[in-house]
Amino acid sequence: MGGGLHIVALGLGPLTVVQPMGVASLLFALPIAAGLHGRRPSRRELAAAATVAIGLIGLVLLVPAHDGPTYLSPQGAATLLAVAGIAAVLLWAGAKVASPAGRAALLATSAGVLYGATATLMRVLVDGAWNWWYLLALPVPALLALVLLQRAYAVGHFGVSFASLQIADPLTAVAFGALLLGEPLPQGIAPIAAAALTAVGTVALARTTPLEART
């Protein structure tokens with residue numbers, strides 16, 4: 001159901017709005033995790049959640065409207081897959097020689113890059129002109145991302161993995177959306193501050209005890 005709603009959202013709005021909303025999953029994980037552990041969220045957790053919420057609201061309000069058609073040429077699609085694939089391989093290779101926490105972060109970041117590429121391709125499929133091979137290529141980065149993310153979780157640092165994923169995925173999708181799809185980016189200091197708030201709150205919230213207990 002979540003995946004289906006994500007696809008619908010990609011058909012209604014630009015990547016610069018839709019992908020950062022994935023961080024909102026942490027806001028729902030907080031009360032669920034606290035309930036499962038029979039306690040109330042701490043002030044630190046609530047402060048981190050508020051920081052994430054403020055950052056996301058700021059990003060949504062500051063992103064310029066994008067009403068034009070979404071189009072990605074075959075060369076652009078090949079570039080998208082090549083860049084995402086090379087970045088994912090380099091991160092995966094780096095994870096082999098990293099510490100356990102670093103390995104979890106690099107593997108999850110690799111998955112986030114591939115998920116960002118998947119979202120970009122899906123955005124084109126649901127809202128633009130495309131070729132049939134786009135549809136055939138779509139499962140490749142999605143499945144590779146799933147495998148890498150599960151390997152990251154298996155390392156044992158759930159908070160590190162989840163935070164890395166939630167930051168890498170939207171950043172990758174926003175970059176591809178701007179560079180390949182021509183989606184406008186917010187201008188000025190305010191959107192940078194909103195993005196920074198979201199990132200800081202995400203890291204702080206993902207490192208809380210209830211989420212770490214899920215490893």
Side-chain angles (χ1 to χ4, degrees), residues 1-28 52 55-89 91 108-149 162-187 191-192 194-195 198-199 202:
M1 290 179 65
L5 290 172
H6 188 192
I7 292 173
V8 172
L10 287 171
L12 298 175
L15 290 163
T16 47
V17 171
V18 176
Q19 285 308 107
M21 287 299 105
V23 179
S25 60
L26 282 170
L27 304 181
F28 295 92
V52 171
L56 289 176
I57 292 172
L59 284 175
V60 171
L61 294 178
L62 294 169
V63 170
H66 178 61
D67 299 325
T70 300
Y71 173 73
L72 184 64
S73 68
Q75 294 79 7
T79 299
L80 166 72
L81 295 174
V83 170
I86 292 172
V89 169
L91 290 165
T109 300
S110 179
V113 170
L114 292 173
Y115 274 132
T118 303
T120 305
L121 204 54
M122 180 60 72
R123 166 77 173 150
V124 176
L125 289 172
V126 299
D127 193 49
W130 48 277
N131 291 340
W132 282 105
W133 75 266
Y134 294 9
L135 188 61
L136 298 176
L138 183 66
V140 177
L143 292 176
L144 289 176
L146 179 62
V147 171
L148 287 168
L149 183 59
F162 198 71
S164 300
L165 172 71
Q166 295 299 332
I167 292 174
D169 179 357
L171 285 179
T172 301
V174 167
F176 281 143
L179 296 175
L180 297 178
L181 305 184
E183 295 185 350
L185 292 174
Q187 303 294 323
I192 296 177
T198 304
T202 298

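Side chains are part of it too, since the values below use all heavy atoms of this structure and drop only hydrogens, waters and symmetry mates.
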Closest non-hydrogen atom pair, [X] against [Y]:
{"X": "Trp133", "Y": "Ala77", "result": "CH2-CB, 3.7 Å"}
{"X": "Ser25", "Y": "Phe162", "result": "OG-CZ, 3.6 Å"}
{"X": "Arg123", "Y": "Leu181", "result": "CG-CD1, 3.9 Å"}
{"X": "Ala108", "Y": "Ser164", "result": "CB-CB, 3.9 Å"}
{"X": "Leu15", "Y": "Gly177", "result": "CD1-CA, 3.8 Å"}
{"X": "Leu148", "Y": "Ala111", "result": "CB-CB, 4.1 Å"}

[atom1]-[atom2] distance between [X] and [Y], expressed to the nearest 0.5 angstrom:
{"X": "Ser110", "Y": "Leu165", "atom1": "OG", "atom2": "CG", "answer": "10.5 Å"}
{"X": "Leu180", "Y": "Thr79", "atom1": "CG", "atom2": "OG1", "answer": "6.5 Å"}
{"X": "Ile86", "Y": "Leu81", "atom1": "CD1", "atom2": "CG", "answer": "11.0 Å"}
{"X": "Leu125", "Y": "Thr120", "atom1": "CG", "atom2": "OG1", "answer": "11.0 Å"}
{"X": "Leu12", "Y": "Ile7", "atom1": "CG", "atom2": "CD1", "answer": "12.0 Å"}
{"X": "Leu61", "Y": "Leu56", "atom1": "CG", "atom2": "CG", "answer": "11.0 Å"}

Original post:
Short question: side chain of Gln166, backbone of Thr202 - any donor-acceptor pair under 3.5 Å?
Top reply: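 No; zero donor-acceptor contacts below 3.5 Å.
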Subject >> From CA spacing to verdict: side-chain contact (heavy atoms from CB on, under 4.5 Å), Gln19, Leu171 >> reply: CA-CA 8 Å; Gln19 285 308 107; Leu171 285 179; over 6 Å; no
What I'd like to find out is whether the side chain of [X] reaches to under 4.5 Å of the side chain of [Y], using heavy atoms alone.
{"X": "His6", "Y": "Met122", "result": "no"}
{"X": "Val17", "Y": "Leu59", "result": "no"}
{"X": "Leu121", "Y": "Leu72", "result": "yes"}

